[in-house]
**Q** 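One structure follows; several queries about it will come next.
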Amino acid sequence: DLFSDKYGTLYNSVSYNNYELDRLSADIDSRIDIGCPSNIGRLNHNHSITVPEVREAISKLKVGKKEENGLYSNHFKNGPERLVIMITLLFNCMLIHGMAPDDLLLGTMIPLIKNSRGNKQCSDNYRSLTIGTSLSKILEIVIMNQQSDKLKTSDLQFGFKEKSSTTMCTFMALETIEYYKNNGSNVHTLLLDASKAF
């Protein structure tokens, strides 16, 4: 109950009102229509997901991952071609109608320790990880693959990024400091502890 109370408070800590949410929703719809001219009124869009895209996404699932509902990722990885076709149809229906099944949006939140040498009795030393369903993971992979050219991050982001690590960030910072010191400059740094954000 400790983690349930902590994360329940955390995720419900931002106040809102229905007017603001409606305005935000209208703004998002407007941006979609502007950014995607073929999406006028969301009736004649040309967005679709293909069977090969779903098949590729399924191949990227990790082997042996179990969901709360008892399914394993292996059910999808070893499923027949008909399953891939049915998942593709489901995803395309979701795009057409702008709706997703409630079960697709479910996830299990588990606490992960931030600092293994820290106090394991302190709830501040934990962060939450949400484990979604394999179907949501497949959809996520398809969207990431389709939109990869539009989903770029800064070259200065090192964490949570494929083929990158915080070690590279440390190396770059040390090289920069060394460069300025070797050229006779003073070096001033500002460090931010963002551990509460994660």
**Q** Are Leu71 and Leu90 connected into the same hydrophobic cluster when the rule is that any two of I, L, V, M, F, W, Y join if their side-chain heavy atoms are below 4.5 Å apart?
**A**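 Yes, same cluster.
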
**Q** Are Tyr72 and Val63 close enough that some pair of their side-chain heavy atoms sits under 4.5 Å apart?
**A** no

**Q** Got Leu135 and Phe76 here, is their nearest side-chain heavy-atom distance under 4.5 Å?
**A** yes

**Q** Under 6.0 Å from the CG atom of Asp22, do we count more than 12 heavy atoms belonging to anything else shown?
**A**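 Counting other residues, nucleotides and ligands, CG of Asp22 exceeds 12 neighbours.
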
**Q** Applying the 4.5 Å side-chain criterion to the ILVMFWY set and letting contacts propagate, would Val54 and Leu61 be lumped into a single cluster?
**A** yes

**Q** For the residue pair Leu139 and Ile49, establish whether any side-chain heavy-atom pair is separated by less than 4.5 Å.
**A** yes

**Q** Give, for atom OG of Ser185 and atom CD1 of Ile177, the distance between the pair rounded to the nearest 0.5 Å.
**A** 12.5 Å

**Q** Please check if atom CG in Asn183 has more than 12 non-hydrogen atoms from other residues, nucleotides or ligands closer than 6.0 Å.
**A**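 More than 12 heavy atoms, drawn from other residues, nucleotides or ligands, come within 6.0 Å of this atom.
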
**Q** How long is the straight-line distance from NZ of Lys137 back to CE of Met144, given to the nearest 0.5 Å?
**A**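 It is 8.5 Å, given to the nearest 0.5 Å.
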
**Q** Check the pair Asn145, Lys60 against side chain to side chain contact (heavy atoms under 4.5 Å, CB included), reporting the backbone distance first and the verdict last.
**A** CA-CA 11 Å; Asn145 288 342; Lys60 292 183 179 180; 3.5 Å; yes

**Q** For Thr50 and Glu53, what are the C-alpha separation, side-chain angles and deciding distance, and is it a side-chain hydrogen bond (donor to acceptor under 3.5 Å, both in side chains)?
**A** CA-CA 5 Å; Thr50 65; Glu53 288 174 323; 3.3 Å; yes

**Q** Members other than Leu190 in its cluster, when Ile, Leu, Val, Met, Phe, Trp, Tyr link by side-chain heavy atoms under 4.5 Å?
**A** none

**Q** May I ask you to decide if Lys120's main-chain N or O and Tyr126's side chain share a donor-acceptor pair within less than 3.5 Å?
**A**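 Side chain of Tyr126 to backbone of Lys120, a donor-acceptor pair under 3.5 Å: yes, one is there.
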
**Q** Give a yes or no on whether Tyr179 and Met168 share a hydrophobic cluster (residues Ile, Leu, Val, Met, Phe, Trp, Tyr; joining criterion: side-chain heavy atoms under 4.5 Å apart).
**A**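 No; tracing contacts between hydrophobic side chains, which count when under 4.5 Å, never links both residues.
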
**Q** Heavy-atom count around Gln121 CD within 6.0 Å, excluding the residue itself: above 12?
**A**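 No, because the 6.0 Å sphere around CD of Gln121 holds 12 heavy atoms or fewer from other groups.
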
**Q** Roughly how far, to the nearest 0.5 Å, is SG of Cys122 from CG of Asn115?
**A**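 Output value for this atom pair is 11.0 Å.
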
**Q** May I have the step-by-step check of side chain to side chain contact (heavy atoms under 4.5 Å, CB included) for Met109 and Leu129, ending in yes or no?
**A** CA-CA 5 Å; Met109 291 177 68; Leu129 174 72; over 6 Å; no

**Q** Any heavy-atom pair between the side chains of Glu67 and Thr108 that's under 4.5 Å?
**A** no

**Q** Within the structure provided, determine whether Ile58 and Ile87 are in side-chain contact (heavy-atom separation under 4.5 Å).
**A** yes

**Q** So does Lys65 get a backbone contact from the side chain of Ser73, meaning a donor-acceptor N/O pair under 3.5 Å?
**A**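 Judged by distance alone, yes, a pair lies under 3.5 Å.
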
**Q** When you compare the side chains of Gln157 and Ser164, does any donor N or O come within less than 3.5 Å of an acceptor on the partner?
**A** no

**Q** Just by distance, do the side chain of Thr176 and the backbone of Met172 share a donor-acceptor pair under 3.5 Å?
**A**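 Judged by distance alone, yes, a pair lies under 3.5 Å.
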
**Q** Between Lys66 and Gly70, what is the shortest heavy-atom contact and its length?
**A** CE-CA, 4.2 Å

**Q** Nearest heavy-atom pair of Phe158 and Cys169: which atoms, and what distance?
**A** CD1-CB, 3.3 Å

**Q** What's the spacing between Ser128 OG and Ile110 CD1 if we round to 0.5 Å?
**A** 8.0 Å

**Q** Which pair of heavy atoms, one from Ala57 and one from Val142, lies closest together, and at what distance?
**A**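 For Ala57 and Val142, the tightest heavy-atom pair comes out as CB-CG2, 3.7 Å.
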
**Q** Taking atom types as modelled, find out whether Ser136 and Thr133 have a side-chain donor-acceptor pair closer than 3.5 angstrom.
**A**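 Checked: Ser136/Thr133 side chains pair up, N/O donor to acceptor below 3.5 Å.
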
**Q** If every non-hydrogen atom of Val187 is compared with every non-hydrogen atom of Lys181, which pair is closest and at what distance?
**A** CG2-CG, 3.8 Å

**Q** With rounding to the nearest 0.5 Å, note down the distance linking OG in Ser148 to CD1 in Ile143.
**A**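 If we round to the nearest 0.5 Å, Ser148:OG and Ile143:CD1 are 12.5 Å apart.
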
**Q** Just by distance, do the side chain of Thr88 and the backbone of Val84 share a donor-acceptor pair under 3.5 Å?
**A** yes

**Q** Shortest non-hydrogen contact from Pro101 to Met94?
**A**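 Pro101 and Met94 have their closest heavy atoms at CD-SD, 3.9 Å.
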
**Q** So, taking the atom named CD1 in Ile138 and the one named NZ in Lys77, what distance separates them when rounded to the nearest 0.5 Å?
**A** 9.5 Å

**Q** Find out if a path of hydrophobic residues (ILVMFWY) with successive side-chain heavy-atom gaps under 4.5 Å connects Leu95 to Leu89.
**A** yes

**Q** Quick one: closest heavy-atom pair of Asn125 and Asn119, and the distance?
**A** ND2-O, 3.3 Å

